[in-house]
Amino acid sequence: MEPTHEMAELLRARQEKLEALRKLGVEPYPYSFPRTHFAADVIRRFEELEASKEVLALAGRIMTIRVMGKAAFAHIQDSSGRIQIYVKLDLVGERGFEIFKHLDLGDIIGVKGPAFRTRTGEISIHADEFQLLSKSMRPLPVVKEKDGQVFDAFSDKEARYRQRYLDLVVNPEVRRVFETRARILTVMRQFLDEWGFLEVETPILQPLYGGAAAEPFVTHHNTLERDLYLRIADELYLKRLIVGGYDRVYEIGKDFRNEGMDRFHNPEFTQLELYAAYEDYTFCMAFVEGVMARIATELTGSTKLTYQGKEYDLAPPWPRYRFFDLLNEAVGTDLRALSDDELNREVKAAGLKLEIGEVGRGKMLDKLFGARVEPKLAGPCFVLDYPKELSPLAKGHRSDPGLVERFEGFLAGREFCNSFSELNDPADQRARFEDQGKLRAAGDREAQPLDEDFLMALEIGMPPTAGLGMGIDRLTMFYTDQHSIRDVLLFPQMR
RNA sequence: GAGAAUGUAGCUCAGCCGGUAGAGCAACGGACUUUUAAUCCGUGGGUCGCGGGUUCGAUCCCCGCCAUUCUCACCA
């Protein structure tokens, strides 16, 4: 795109300054700068640092500049925060001050000098010297602030997502969200470690996909001359590892689902999947309660979190509700006693309709549940014992043959995890795959393909196993109180 | 997929009943050696998302397209 005249002018001004700096003998892109302190350190340890008159070395991006003839103030921002610097002609010299006047908002500089407090009381660095570390060649959004009030915030969501680097530079609360996201993952890994889990990595490019009900992305390998799928779940590979003899494995990684996007869905998203041998789904409930409470405690000091204005307490134990208890109560009939046709009438009565490709009892029940029950599940809670048709990889319920031992965790009316006692009877698993094949033939594009190699692994023998999948993006939304999944993804999918 | 809203300067936004655009910040020049949304004086900066149409004339009205945001649907 052609730059506007104004943009060209702004770029030219920066270019001219760059050239002027080179003429002054300044290298605009040097190699390193030995810093000794971060902005936040100086502010935290100010009394001590001021008393010692120690020369501090800080580096960061210039976020404000106020030049007053022969002295100047600026704020530099590093990863820890901002600090003011004071530059005056007497100290940095004629040439130094001339160089300073050629600096712009967005330039990255290093500063050396002692900490002091200005007349108005702001902790600052008294710059004995400074050094340009990287010249910024484009204007930054200019955000001003006074008494905690922000002016002209860089708020255009499209621009923020597409140019996340600008968003991160200019909106510190955005940086904090992603720091928290990293913290969640760290705590989660610690917790998994304590529980004896081994972290593994399984293929993202798969010759056959499975492990979830979703449409995959298809790609092509040129040398192999065959199509490959981007995984929709890790499940079938991780269970092969349980067959292989690992007791507890987990993977945290990206899954890809070729579906619509909204504030809870991005085509690529991060999931934790874990599998534990010799356990059933009650183990996973304990795990979820434990890890969720631990993360909350690490982040906030309590088991409580606030999401979109409502408070939730994650302290275990969470209430457990059975799928059909909730659904029958919401609809007012015993749905399990109904024929397929009668069930279909209930779906229609609820103002729902099945889309093309949505076939079978399972889908109808699921749809009803999603419409009638889910929105009311404030949580945290578990919904357990789902209809068999919905869960082709889950083991039948030990006391009710029409159900499987499966639960989903809910928080703020949203599902955030899914778990079951894993099906390890190879004959049963084959039969379930065949049922999926029928659904597929009837037009269900999300029905799972039969995986012979996975069946062979089960025939070799898998111990009783519990499995769990947990959406990391949604968790991050809850813990950071973000409205949209895009706000917890550094680079969300854009059209 | 449906509906609603939005798209004007680098950023944030005004723009009347149709007469081809304004502000603040940023930029540029000048003054200012403890300022902090620094201040003061001055200057420049626009294919009004894109393409059609109506009109003597369109940022404004109409149609189409693109993008975004929100809501709903879909997504176990």
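Every chain is numbered from 1 and lettered A, B, ... according to where its sequence line falls, protein lines coming before strand lines.
- Spacing between atom CZ of Arg263(A) and atom P of rU68(B) amounts to 18 Å, rounded to whole angstrom units.
- Residue-to-nucleotide contacts include a donor-acceptor pair under 3.5 Å from the side chain of Asp262(A) to the base of rC74(B).
- For the pair Glu405(A) and Arg398(A), the salt-bridge criterion is met [side-chain N within less than 4.0 Å of a carboxylate O].
- At distances below 3.5 Å, at least one donor-acceptor pair connects side-chain atoms of Arg474(A) with backbone N or O atoms of Glu415(A).
- Atom name P, nucleotides rC28(B) and rG49(B): the rounded distance is 28 Å, in whole Å.
- Remark: Arg12(A) does not engage Glu19(A) in a salt bridge, criterion side-chain N to carboxylate O under 4.0 Å.
- The side chain of Leu89(A) has rU33(B) as its nearest neighbour among rU33(B), rA76(B), rU34(B).
- Ionic pairing of Arg231(A) and Glu251(A) is present here: one or more N-O contacts between side-chain nitrogen and carboxylate oxygen are shorter than 4.0 angstrom.
- Judged by atom type and distance alone, Ser155(A) does not reach the base of rU12(B) through any side-chain donor-acceptor pair under 3.5 Å.
- No hydrogens or angles were tested; on distance alone, a donor-acceptor pair under 3.5 Å links the side chain of Gln84(A) to the base of rU35(B).
- Pairing for rU6(B) is with rA67(B), a Watson-Crick or G-U wobble pair whose two hydrogen-bonding atom distances lie under 3.5 Å.
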Please tabulate, for the side chains in residues 167-178 of chain A, all donor-acceptor contacts under 3.5 angstrom to protein atoms that are two or more places apart in sequence or on a different chain.
residue, atom, partner, partner atom, Å
Asp167(A), OD1, Arg160(A), NE, 2.8
Asp167(A), OD1, Asn171(A), ND2, 2.7
Asp167(A), OD2, Arg160(A), NE, 3.2
Asp167(A), OD2, Arg160(A), NH2, 3.3
Asp167(A), OD2, Arg164(A), NH1, 2.7
Asn171(A), ND2, Phe154(A), O, 3.2
Arg175(A), NH1, Leu168(A), O, 2.8

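- If you look at Tyr312(A) and Tyr307(A), their ring centroids are not closer than 6.0 Å.
- A salt bridge links Asp104(A) with Lys135(A); the closest basic N to acidic carboxylate O contact falls under 4.0 Å.
- Among the heavy atoms of the strands, none lies under 4.0 Å from Phe369(A).
- With both pairing distances under 3.5 Å, rA73(B) is matched to nothing as a Watson-Crick or G-U wobble pair.
- For rU39(B), the paired base is rA31(B) (Watson-Crick or G-U wobble, both distances below 3.5 Å).
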Self-check item: B/S/- contact track for nucleotides 38-44 of chain B, protein heavy atom under 4.0 Å
Solution: B-----B

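- Contacts of Phe154(A) with the nucleic acid, taken as non-hydrogen atoms under 4.0 Å apart, involve only primed sugar atoms and P, OP1 or OP2.
- Within 4.0 Å of Glu408(A), counting heavy atoms only, lie sugar-phosphate atoms of the nucleic acid but no base atom.
- Counting any heavy atom pair closer than 4.0 Å across all strands shown, Lys88(A) reaches a base atom.
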